[in-house]
**Student:** 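Once you've had a glance at the structure underneath, I'll fire off some questions.
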Amino acid sequence: VQLQASGGGLVQAGDSLRLSCAASGRTFTDNVMGWFRQAPGKEREFVAAITWSGGRSYYRDSVKGRFTISRDNAENTLYLEMNSLRPEDTAVYYCAADRSPRRTYIESAYYTKGTYDYWGQGTLVTVSS
(Lines give C-alpha, C1' and ligand atoms only; values in the text may rest on other atoms or scores of the structure.)
Protein backbone atom coordinates (compact mmCIF):
# COMPACT_ATOMS: atom_id res chain seq x y z
CA VAL A 1 0.00 0.00 0.00
CA GLN A 2 1.48 3.30 -1.05
CA LEU A 3 0.45 6.94 -1.12
CA GLN A 4 2.54 9.05 -3.46
CA ALA A 5 2.33 12.82 -3.03
CA SER A 6 3.47 15.13 -5.80
CA GLY A 7 3.09 18.66 -7.10
CA GLY A 8 5.24 20.59 -4.67
CA GLY A 9 7.73 23.19 -5.75
CA LEU A 10 9.13 26.67 -5.29
CA VAL A 11 6.65 29.48 -5.83
CA GLN A 12 6.25 33.11 -4.90
CA ALA A 13 3.80 34.50 -2.38
CA GLY A 14 0.37 34.79 -3.95
CA ASP A 15 0.93 31.94 -6.40
CA SER A 16 -1.01 28.67 -6.61
CA LEU A 17 -0.10 25.00 -6.56
CA ARG A 18 -2.06 21.78 -6.79
CA LEU A 19 -0.82 18.80 -4.87
CA SER A 20 -1.81 15.28 -5.84
CA CYS A 21 -1.75 12.06 -3.87
CA ALA A 22 -1.99 8.87 -5.89
CA ALA A 23 -2.80 5.64 -4.11
CA SER A 24 -1.56 2.24 -5.17
CA GLY A 25 -1.79 -1.23 -3.72
CA ARG A 26 -5.40 -0.73 -2.69
CA THR A 27 -8.22 1.68 -3.28
CA PHE A 28 -9.10 4.44 -0.82
CA THR A 29 -12.50 5.28 -2.21
CA ASP A 30 -14.14 4.35 1.09
CA ASN A 31 -11.60 5.99 3.37
CA VAL A 32 -11.10 9.32 5.03
CA MET A 33 -8.14 11.13 3.52
CA GLY A 34 -6.24 14.19 4.57
CA TRP A 35 -3.27 16.48 4.14
CA PHE A 36 -0.80 17.39 6.85
CA ARG A 37 2.32 19.51 6.69
CA GLN A 38 5.55 19.84 8.58
CA ALA A 39 7.71 22.92 8.53
CA PRO A 40 11.38 22.74 9.54
CA GLY A 41 11.72 22.39 13.28
CA LYS A 42 7.99 22.13 13.83
CA GLU A 43 5.48 19.41 14.53
CA ARG A 44 3.45 17.89 11.73
CA GLU A 45 0.13 19.72 11.61
CA PHE A 46 -3.28 19.15 10.10
CA VAL A 47 -4.13 21.03 6.90
CA ALA A 48 -7.31 19.54 5.44
CA ALA A 49 -9.39 16.37 5.40
CA ILE A 50 -12.23 14.95 3.38
CA THR A 51 -14.76 12.32 4.31
CA TRP A 52 -14.88 9.01 2.48
CA SER A 53 -17.95 10.16 0.55
CA GLY A 54 -16.42 13.51 -0.28
CA GLY A 55 -19.47 15.16 1.21
CA ARG A 56 -17.65 17.10 3.91
CA SER A 57 -14.25 18.67 4.23
CA TYR A 58 -12.34 20.22 7.10
CA TYR A 59 -9.57 22.83 7.14
CA ARG A 60 -7.25 24.44 9.60
CA ASP A 61 -8.20 28.05 10.12
CA SER A 62 -5.15 29.53 8.42
CA VAL A 63 -5.94 27.88 5.07
CA LYS A 64 -9.71 28.30 4.98
CA GLY A 65 -10.75 30.15 1.85
CA ARG A 66 -7.36 29.53 0.21
CA PHE A 67 -7.01 25.74 0.07
CA THR A 68 -9.47 23.20 -1.30
CA ILE A 69 -9.27 19.47 -0.75
CA SER A 70 -10.95 17.13 -3.22
CA ARG A 71 -10.86 13.53 -4.29
CA ASP A 72 -11.35 11.65 -7.52
CA ASN A 73 -12.37 8.16 -6.49
CA ALA A 74 -12.36 6.91 -10.06
CA GLU A 75 -8.66 7.79 -10.21
CA ASN A 76 -7.97 6.85 -6.56
CA THR A 77 -6.38 10.27 -6.16
CA LEU A 78 -6.55 13.02 -3.57
CA TYR A 79 -5.89 16.68 -4.37
CA LEU A 80 -5.07 19.87 -2.52
CA GLU A 81 -5.58 23.08 -4.47
CA MET A 82 -3.59 25.85 -2.79
CA ASN A 83 -4.17 29.47 -3.74
CA SER A 84 -2.79 32.76 -2.40
CA LEU A 85 0.18 30.94 -0.96
CA ARG A 86 2.09 32.58 1.86
CA PRO A 87 5.64 32.08 3.10
CA GLU A 88 4.22 30.48 6.25
CA ASP A 89 2.74 27.70 4.06
CA THR A 90 6.27 26.49 3.39
CA ALA A 91 6.50 22.88 4.54
CA VAL A 92 6.64 19.28 3.46
CA TYR A 93 3.08 18.23 2.71
CA TYR A 94 1.95 14.68 3.46
CA CYS A 95 -1.19 12.89 2.38
CA ALA A 96 -2.76 10.32 4.63
CA ALA A 97 -5.67 7.88 4.81
CA ASP A 98 -7.41 5.89 7.49
CA ARG A 99 -7.86 2.11 7.24
CA SER A 100 -11.51 1.76 8.20
CA PRO A 101 -13.94 1.77 5.28
CA ARG A 102 -16.84 4.22 5.37
CA ARG A 103 -16.11 5.39 8.88
CA THR A 104 -17.45 8.67 10.22
CA TYR A 105 -15.63 10.44 13.03
CA ILE A 106 -16.36 13.25 15.40
CA GLU A 107 -14.95 16.42 13.89
CA SER A 108 -11.87 16.63 16.09
CA ALA A 109 -10.70 13.22 14.90
CA TYR A 110 -10.24 14.46 11.35
CA TYR A 111 -7.64 16.92 12.66
CA THR A 112 -5.70 14.24 14.54
CA LYS A 113 -2.66 12.41 13.14
CA GLY A 114 -3.61 9.24 15.02
CA THR A 115 -6.76 8.84 12.93
CA TYR A 116 -4.68 8.13 9.85
CA ASP A 117 -2.97 4.81 9.21
CA TYR A 118 -1.33 5.29 5.83
CA TRP A 119 1.05 8.13 5.01
CA GLY A 120 2.69 9.31 1.84
CA GLN A 121 6.33 10.32 1.61
CA GLY A 122 5.71 14.06 1.38
CA THR A 123 6.23 16.75 -1.20
CA LEU A 124 8.04 20.02 -0.46
CA VAL A 125 6.29 23.34 -0.95
CA THR A 126 8.45 26.43 -0.65
CA VAL A 127 6.84 29.87 -0.82
CA SER A 128 9.18 32.82 -1.19
CA SER A 129 8.21 36.32 -0.13
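When a residue number appears, it is its place in the shown sequence, counting from 1. The structure displayed is predicted, hence computed values, not measured ones. Side chains included, hydrogens not; waters and symmetry mates left out as well; all remaining heavy atoms used.
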**Student:** Looking at A91, is its backbone amide N or carbonyl O close enough to the side chain of Q38 to form a donor-acceptor pair, meaning the two atoms are under 3.5 Å apart?
**Tutor:**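 Such a contact is absent between Q38 side chain and A91 backbone.
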
**Student:** So does I50 get a backbone contact from the side chain of S57, meaning a donor-acceptor N/O pair under 3.5 Å?
**Tutor:**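 Such a contact is absent between S57 side chain and I50 backbone.
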
**Student:** Identify the two heavy atoms, one from K113 and one from F36, that lie closest to each other, and give their separation to 0.1 Å.
**Tutor:**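 The pair with the smallest heavy-atom distance is CG-CE2, 3.5 Å.
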
**Student:** Could you report the tightest heavy-atom contact between F28 and N76, atom names first, then the distance?
**Tutor:**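 Scanning both residues completely, I find the closest heavy atoms to be N-OD1, 2.8 Å.
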
**Student:** Taking side chain as C-beta onward, heavy atoms only, is R26 less than 4.5 Å from N31?
**Tutor:** yes

**Student:** Who pairs with D117 by side-chain hydrogen bond (donor to acceptor under 3.5 Å, both in side chains), at least two apart in sequence or on another chain?
**Tutor:**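 For D117, no residue satisfies side-chain hydrogen bond (donor to acceptor under 3.5 Å, both in side chains) once neighbours in sequence are set aside.
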
**Student:** Under a 4.5 Å cut-off applied to non-hydrogen side-chain atoms, are T68 and Y59 in contact?
**Tutor:**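 Yes, side chains in contact.
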
**Student:** Do you reckon Y116 sits in the same ILVMFWY cluster as V47, going by side-chain contacts under 4.5 Å, direct or chained?
**Tutor:** no

**Student:** What closest approach, in Å, do L3 and Q121 show between heavy atoms, and which atom pair accounts for it?
**Tutor:**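 Closest heavy-atom pair between L3 and Q121: O-OE1, 3.4 Å.
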
**Student:** Answer yes if the ring centres of F46 and Y58 are under 6.0 angstrom apart, and no otherwise.
**Tutor:** no

**Student:** Holding to side chain to side chain contact (heavy atoms under 4.5 Å, CB included), I want the full list of residues that pass it with E43, two or more places apart in sequence or in another chain.
**Tutor:** none

**Student:** How many angstroms lie between atom OG of S129 and atom CD of E88, to the nearest 0.5 angstrom?
**Tutor:**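 Rounded to the nearest 0.5 Å, the OG-CD separation comes out at 10.0 Å.
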
**Student:** Is a donor from one side chain sitting under 3.5 angstrom from an acceptor on the other, for D98 and Y105?
**Tutor:** yes

**Student:** Which heavy-atom pair separates L80 from A48 by the least distance, and what is that distance?
**Tutor:**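 That closest heavy-atom pairing would be CD1-CB, 4.2 Å.
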
**Student:** Run through T51, L78, T77 and flag the one making a side-chain contact (heavy atoms from CB on, under 4.5 Å) with R71.
**Tutor:** L78

**Student:** In chain order, what residues pass the side-chain hydrogen bond (donor to acceptor under 3.5 Å, both in side chains) check against S16, with sequence neighbours excluded?
**Tutor:** N83

**Student:** Atom CZ of residue position R56 - does it have more than 12 heavy atoms of other residues, nucleotides or ligands inside 6.0 Å?
**Tutor:** no

**Student:** Does Y111 have R60 sitting over its ring (NZ/CZ under 6.0 Å from centre, angle to axis within 45°)?
**Tutor:** no

**Student:** Which heavy atom of Y94 sits nearest a heavy atom of G120, and at what distance?
**Tutor:**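 Minimum heavy-atom separation between Y94 and G120: CD2-O, 3.4 Å.
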
**Student:** Are V11 and W35 connected into the same hydrophobic cluster when the rule is that any two of I, L, V, M, F, W, Y join if their side-chain heavy atoms are below 4.5 Å apart?
**Tutor:**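 In one cluster: yes.
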
**Student:** How are the rings of F67 and Y93 set to each other: parallel, tilted or perpendicular (split at 30° and 60°)?
**Tutor:** tilted

**Student:** If you measure from CD on Q2 to OH on Y118, what distance do you get to the nearest 0.5 Å?
**Tutor:**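 Reported to 0.5 Å precision, the distance equals 13.0 Å.
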
**Student:** Output the distance between atom CZ (R37) and atom SG (C95), rounded to the nearest 0.5 Å.
**Tutor:** 15.5 Å

**Student:** Quick one: CD on E81 to CD1 on I69, what's the gap to the nearest 0.5 Å?
**Tutor:** 12.0 Å

**Student:** Could you check whether any side-chain N or O of R66 sits under 3.5 Å from a backbone N or O of S62, counting only pairs where one atom can act as donor and the other as acceptor?
**Tutor:** yes

**Student:** Which heavy-atom pair separates V125 from L19 by the least distance, and what is that distance?
**Tutor:**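 What the structure gives for the nearest pair is CG2-CD2, 4.0 Å.
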
**Student:** Output the distance between atom CD (Q12) and atom CG (L85), rounded to the nearest 0.5 Å.
**Tutor:** 11.5 Å

**Student:** Which distance, rounded to the nearest 0.5 Å, do you find between the OG1 of T112 and the CD1 of I106?
**Tutor:**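 Atom-to-atom, T112:OG1 and I106:CD1 are 8.0 Å apart.
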
**Student:** State plainly whether the residues D61 and K64 are in salt-bridge range, i.e. N to O under 4.0 Å.
**Tutor:**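 Salt bridge flag = yes for K64 with D61.
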
